Asker: 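Once you've had a glance at the structure underneath, I'll fire off some questions.
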Amino acid sequence: MGEKEKLILIGNGMAGVRTIEHLLKLAPDKYEITIIGEEPHPNYNRIMLSSVLAGGANMQDIIVNDWDWYKDNGIQLVTGQKVTKLDTKLCTVTTHTGAQYQYDRVILATGSNPFMLPIPGADKEGVIAFRDIRDCETMMETSKTYKKAAVIGGGLLGLEAARGLLHLGMEATVIHINDYLMERQLDEPAARMLQRELESQGMKFLLNKQSASITGRGRVKALQFADGSELKTDLIVMAVGIRPNTELAKSSGIEVNRGVVVNDYMETSVANVYAVGECAEHRGIAYGLVAPLYEQGAVLAKRLAGVETAGYAGSVTSTKLKVSGVDVFSAGNFTETASTKALRIQDDLGGTYKKIVIENGKLVGAVLFGDTTDGTELFSLIKKGENVEGREKELLLGISLDQLGGGNPLAKYEAMPDDEIVCGCNGVSKATIVEAIQTKDCNSVASIKACTKASGSCGGCKPIVEGLLKVYAGDAAAEPVKEGICGCTTLTRDEIVAEIQRMRLLTVKEVMNVLGWNEPEGCSKCRPSLNYYIGMLFPEEYVDEKESRITNERFHANIQKDGTFSVVPRVYGGVTTPSDLKKIAEVAEKFEVPMVKFTGGQRLDLLGVKKEDLPKIWEELDMPSGHAYGKTLRTVKTCVGSTFCRFGTQDSISMGIRMEKAFERLNTPAKVKLAVSGCPRNCAEATIKDLGVVAIDGGWEIHIAGNGGVKVRATDLLCVVKTEDEVMEWSSAFLQLYREHAVWNERTSQWIERVGLDFIKKALENKEDRLALKQRIEKTLSLTNDPWKEIIENKELRKNFEQLTGLEPATK
Ligand SMILES: Cc1cc2nc3c(=O)[nH]c(=O)nc-3n(C[C@H](O)[C@H](O)[C@H](O)COP(=O)(O)OP(=O)(O)OC[C@H]3O[C@@H](n4cnc5c(N)ncnc54)[C@H](O)[C@@H]3O)c2cc1C
Ligand SMILES: NC(=O)c1ccc[n+]([C@@H]2O[C@H](COP(=O)([O-])OP(=O)(O)OC[C@H]3O[C@@H](n4cnc5c(N)ncnc54)[C@H](O)[C@@H]3O)[C@@H](O)[C@H]2O)c1
Ligand code: SF4
Ligand code: FES
């Protein structure tokens, strides 16, 4: 064998070392490899610095290639040295210590430099970036002595930094130049939802702010803004974007634009000099996320190994914010133009938002907030670029994603091409994962992570890894590892409920303290759910914690898109009276309510009410709250029934009113809608309700767990009974069973899919059990009050209510 060629990698970071890993697989003996890195560490996962800061990992966990890896692969590693000269004629590289190395080929993988705003005072102590281990350590050290932190830049990096600083016990204020966050990844509605969620976690924001200077003697004391205002702070983290690190290439005469210009084979303008990663610019784009950089690395490794490759053709990117308790996903081109069509659904109550963008019949972009389960599959469709015409609405509703395999949810994993990248962060293909399952006995997500690195960084690919496990490991797949209810805990809903009950934990704070929450303030997922679980278990002792409720429940009204509210008084069974109608009309006129509308639940909605008018309107209406805003009983829709309808077999109206009077004000895991129809013609549409009662000759059918919303589900028949009292008995028992077993925010339609109809039937088949459940629901109901009345009659409550602001308490 001839002498090995000398290959030097400049930059011991993610893209460069990944290229070498590939190369070693393709041509292990072709090169004598030297890696020179400025940082004093072996290659580590920069992505995971956010997790280190937020307490989810320690420094040891993020090492990708330890010192032994370099030794074992015969690589000469030079750390702590910056390459200051690249002589492309003599083919040498020189480091800042004067050490010189000869090369046959050299790769530039110098990454990016964080952009530091060139404002007066930016050189003061306490002004840092967030790019490497040293920055992370500085933040951790600073938090031991100082309390106030400011992060300039409300992009991915800035928000992850601010979340980490909160975790370290600092007050974190994000200063953003734009009027909404993450404008490079999100549209405005999603960004607003994100901001509310982060505010509920304790993060503060100053939007539309231009930083002008930093004051302080030696160490930073305050950040001053162009509008003359200032923020006192002990630490400033700049996260306002990055610039490709091209210094070395430029000084060596290599063509540089924004980044080091490369062709499809990662070759620069100079022979035998290559560039890969964030420092490279390909077809005008310098990427800032690892997935495309790894694709570039795979191409370069082939080129260096002499293996034929089609070349790098550019990438579509997707991002996921790595902040616990927040699910945000963005992919492709999500901005609207003259040639695109956008479809969106926004559920302010459920705290979810989804937008898809179509161009020339193809899916080109998506933004998801709150529920990102469809993210990976939408991203895959964007990358494939296949025509989705006619399926747009299904994609929006997530229907076709469920049914990509003709109803078999696992078929899509089988159909996935072998070379499709499953884990973008770590560049792991389907074939690699399947090989790990089939030949390396990997039977869990954890073992696949250990073996292939898939799912080890942002976690966004975990659902696909789980899907592949189901298909390719089959029965050998280990039980999925249980997941906590949110990022603040590893405990499941059932474990938490059991512990609350066992230890009689009576406040949200107590639960979080005793059960070792890793975020002391919790987040907007766990706080309202704990509030619900404690109230469900101990209705007599528990004092409802208003601050742990979702925004609309704190206002007892639905917040509208313009910041006004809607008022919906209760109209039992949809039956009103002339005097109530008059009252509503008078109030609407007096308070100049812009719109009065009939709702789908057979009542009247006063829309566009100002916050300050809410208590006054409730007082004048003197009607109970219709609870149109909460996780509680909403409406009982009724048809005309036997009183007037010639087909009616039973009195659906009186049955419906009896049910509404019995169950109003009931706290439930998610909203609950009921309906009663007077005959099987079912005019009240009872078979798409959470609980639907349909009259038949000589009795009633009780249907459960339907839904008419985003994902339509027809009810299952629970039982047939003869009398109205039996309807009440079964309905009470069913609703209490749901209250006691469902996960907070889980609709009955989702709950039944999880636990199965058989479980519910079994739990209710025994009369004694039914009566026990009925007794428990009645106890709870006897302790409820009308919230509007409470506020009107209690001065303290009214004062507190009047002090509530639109943004401050906002949770999903
Ligand atoms: C906190 C944080 C979180 C992130 N999270 C995500 C995420 O969730 N998803 C995602 O896709 N991306 C994320 N990124 C971006 C991702 O980390 C980068 O895209 C990736 O690390 C770039 O790889 P690279 O090899 O091009 O550069 P780097 O990883 O920065 O490596 C470049 C290396 O070269 C060294 N170097 C530079 N110049 C010289 C020189 N002259 N001589 C010797 N050595 C030199 C540098 O010291 C550095 O070690 C995150 C970044 C940060 C900072
Ligand atoms: N989860 C992830 O995928 C993740 C996490 C962290 C970092 N990253 C990557 O790291 C890189 C750096 O992230 P980033 O967030 O710094 O870059 P970015 O360019 O995505 O965001 C910078 C943000 O700072 C704002 N900004 C610019 N000038 C400002 C000013 N003077 N005052 C206040 N705000 C200002 C911009 O409007 C922008 O939203 C990016 O490539 C990013 O993709 C990714
Ligand atoms: S469901 Fe039957 S009883 Fe009720 S309105 Fe329709 S036809 Fe009449
Ligand atoms: S896609 Fe981020 S860990 Fe796999």
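In this text, all values refer to a predicted model and were calculated from it rather than measured experimentally. Whatever order the structure lists ligands and atoms in, that order sets their numbers, starting from 1.
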Asker: Does an N or O anywhere in Arg131 fall below 3.5 Å from an N or O of ligand 1?
Answerer: yes
Asker: Leu49 versus ligand 1: do any nitrogen or oxygen atoms come within less than 3.5 Å of each other?
Answerer: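 It does not: no N or O of Leu49 is found under 3.5 Å from an N or O of ligand 1.
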Asker: In the structure I gave you, are the side-chain heavy atoms of Leu206 and Phe225 within less than 4.5 Å of one another anywhere?
Answerer: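 Yes, at least one pair of side-chain atoms sits under 4.5 Å.
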Asker: If you count the atoms of ligand 1 from 1 in the order shown, which ones are under 4.0 Å from a heavy atom of Ala109?
Answerer: 32 (C), 33 (C), 34 (O)
Asker: Ignoring waters, how many protein N/O/S atoms are under 2.8 Å from atom 8 (Fe) of ligand 3?
Answerer: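 Of the protein's nitrogen, oxygen and sulfur atoms, 1 lie under 2.8 Å from atom 8 (Fe) of ligand 3.
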Asker: When you look for heavy atoms under 4.0 Å from ligand 1, do you find them on the side chain of Thr319, its backbone, both, or neither?
Answerer: neither
Asker: Which of the atoms in ligand 1, numbered in the order shown and given with their element, are less than 4.0 Å from a heavy-atom of Leu157?
Answerer: 1 (C), 2 (C), 52 (C), 53 (C)
Asker: Below 4.0 angstrom, N of the basic side chain to O of the carboxylate: do Lys82 and Glu247 qualify?
Answerer: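 Counted as a salt bridge, because a side-chain N and a carboxylate O are separated by less than 4.0 Å.
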Asker: Polar contacts were defined as any N/O atom of the residue lying under 3.5 Å from an N/O atom of the ligand; does this apply to Glu38 and ligand 1?
Answerer: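 Right, the criterion is met.
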Asker: Can Glu160 and Arg163 be counted as an ion pair, charged N to O under 4.0 angstrom?
Answerer: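 No, this pair does not count.
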Asker: Which ligand 1 atoms are under 4.0 Å away from a heavy-atom of Ile36?
Answerer: 43 (C), 44 (N)
Asker: Taking everything shown except Lys124 itself, do over 12 heavy atoms lie less than 6.0 Å from its NZ?
Answerer: yes
Asker: Between Glu267 and Arg303, is there a salt bridge with N-O shorter than 4.0 Å?
Answerer: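 Yes, this pair counts.
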Asker: Ignoring angles and geometry beyond distance, decide whether Ile10 reaches within less than 3.5 Å of ligand 1 through its nitrogen or oxygen atoms.
Answerer: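 Between Ile10 and ligand 1 (N or O atoms, distance only) the closest approach is not under 3.5 Å.
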Asker: Would you call Glu278-Arg243 a salt bridge at under 4.0 Å N-O?
Answerer: no
Asker: So, Arg192 and Glu188, do they make that salt bridge, N to O below 4.0 Å?
Answerer: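 Salt bridge present between Arg192 and Glu188.
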Asker: Under 3.5 Å, is there a donor on one side chain and an acceptor on the other for Thr335 and Asp187?
Answerer: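 Judged by distance alone, the side chains do not pair up.
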Asker: Taking only heavy atoms of Asn245, which atoms of ligand 1 are found under 4.0 Å from at least one of them?
Answerer: 37 (C), 38 (N)
Asker: Begin from the C-alpha positions of Glu685 and Lys637 and carry the test salt bridge (charged side-chain N to carboxylate O under 4.0 Å, His left out) through to its verdict.
Answerer: CA-CA 8 Å; Glu685 296 159 341; Lys637 186 170 177 174; 3.0 Å; yes
Asker: Nearest non-hydrogen atom to atom 25 (O) of ligand 1 belongs to which of Ala275, Pro292, Ala15?
Answerer: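 Going through Ala275, Pro292, Ala15 one by one, Ala15 has the nearest heavy atom to atom 25 (O) of ligand 1.
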Asker: Can you label the angle between the His41 ring and the Tyr44 ring as parallel, tilted or perpendicular, going by 30° and 60°?
Answerer: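 Ring orientation of His41 relative to Tyr44: perpendicular.
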Asker: Given Met48, Glu278, Lys322, which has its nearest heavy atom closest to atom 19 (O) of ligand 1?
Answerer: Glu278
Asker: Between Arg46 and Asp132, is the closest basic N to carboxylate O distance under 4.0 Å?
Answerer: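 So Asp132 does not pair with Arg46 through a salt bridge.
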Asker: For ligand 1, which atoms sit closer than 4.0 Å to a heavy atom of Gly288?
Answerer: 15 (C), 19 (O)
Asker: Assess, by modelled atom type and distance only, whether the side chains of Ser654 and Asp651 contain a donor and an acceptor separated by less than 3.5 Å.
Answerer: yes
Asker: Any side-chain heavy atom of Ile236 sitting closer than 4.5 Å to one from Leu223?
Answerer: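 Yes, side chains in contact.
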Asker: If you take the nearest heavy atom of each of Gln296, Arg46, Glu160, which one is closest to atom 51 (C) of ligand 1?
Answerer: Arg46
Asker: I need the contact type for Asn682 against ligand 3. Using non-hydrogen atoms and a strict under-4.0 Å cut-off, is it side chain, backbone, both or neither?
Answerer: backbone
Asker: If you measure from the Lys or Arg side-chain nitrogens to the Asp or Glu carboxylate oxygens, is any gap between Arg658 and Glu724 under 4.0 Å?
Answerer: yes
Asker: Say whether, by atom type as modelled, one donor and one acceptor occur between the side chain of Thr638 and the main chain of Gly573 under 3.5 angstrom.
Answerer: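 Flag set: sc Thr638 to bb Gly573 pair under 3.5 Å.
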Asker: Assess Lys320 for proximity to ligand 1: is some non-hydrogen atom of it under 4.0 Å away?
Answerer: no
Asker: Side chain or backbone, does Gly277 bring an N or O within less than 3.5 Å of an N or O on ligand 1?
Answerer: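 So ligand 1 has no N or O lying under 3.5 Å from an N or O of Gly277.
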Asker: Please say whether Val290 places an N or O atom under 3.5 Å from an N or O atom belonging to ligand 1.
Answerer: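 Yes; at least one N/O pair falls below 3.5 Å.
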Asker: Hey, mind stepping through Lys453 and Glu21 against salt bridge (charged side-chain N to carboxylate O under 4.0 Å, His left out) and telling me if it holds?
Answerer: CA-CA 13 Å; Lys453 303 193 180 105; Glu21 285 185 75; 3.4 Å; yes
Asker: Please could you name the atoms of ligand 1 that Ser50 approaches to less than 4.0 Å, counting only its heavy atoms?
Answerer: 1 (C), 3 (C)
Asker: Record the part of Thr84 in heavy-atom contact with ligand 1 below 4.0 Å; permitted values are side chain, backbone, both and neither.
Answerer: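 Under 4.0 Å from ligand 1, Thr84 contributes no heavy atoms.
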Asker: Taking the side chain as everything from C-beta on, heavy atoms only, tell me whether Thr715 gets closer than 4.5 Å to Leu691.
Answerer: no
Asker: If you measure from each non-hydrogen atom of Phe130 to ligand 1, which part falls under 4.0 Å: side chain, backbone, both or neither?
Answerer: both
Asker: Using a 6.0 Å cut-off, check whether atom NZ of Lys449 has over 12 heavy atoms from anything other than its own residue.
Answerer: no
Asker: I need the atoms of ligand 1 closer than 4.0 Å to a non-hydrogen atom of Glu39, numbered in the order shown.
Answerer: 47 (O), 48 (C), 49 (O)
Asker: Keeping the roles fixed (side chain from Glu38, backbone from Val83), state whether a donor-acceptor pair exists under 3.5 Å.
Answerer: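 Judged by distance alone, no pair lies under 3.5 Å.
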Asker: Which parts of the protein, at residue level, reach under 4.0 Å of ligand 2 through a heavy atom?
Answerer: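 Shell around ligand 2 (4.0 Å, heavy atoms): Leu117, Ile152, Gly153, Gly155, Leu156, Leu157, Glu160, Ile175, His176, Ile177, Glu183, Arg184, Gln185, Ala239, Val240, Gly241, Ile242, Gly288, Leu289, Lys320, Lys322.
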Asker: With a cut-off of 4.0 Å, which atoms of ligand 1 are near a heavy atom of Leu293?
Answerer: 19 (O), 22 (C), 23 (O), 26 (O)
Asker: Do the two ring centres, one from Phe205 and one from His176, sit under 6.0 Å apart?
Answerer: no
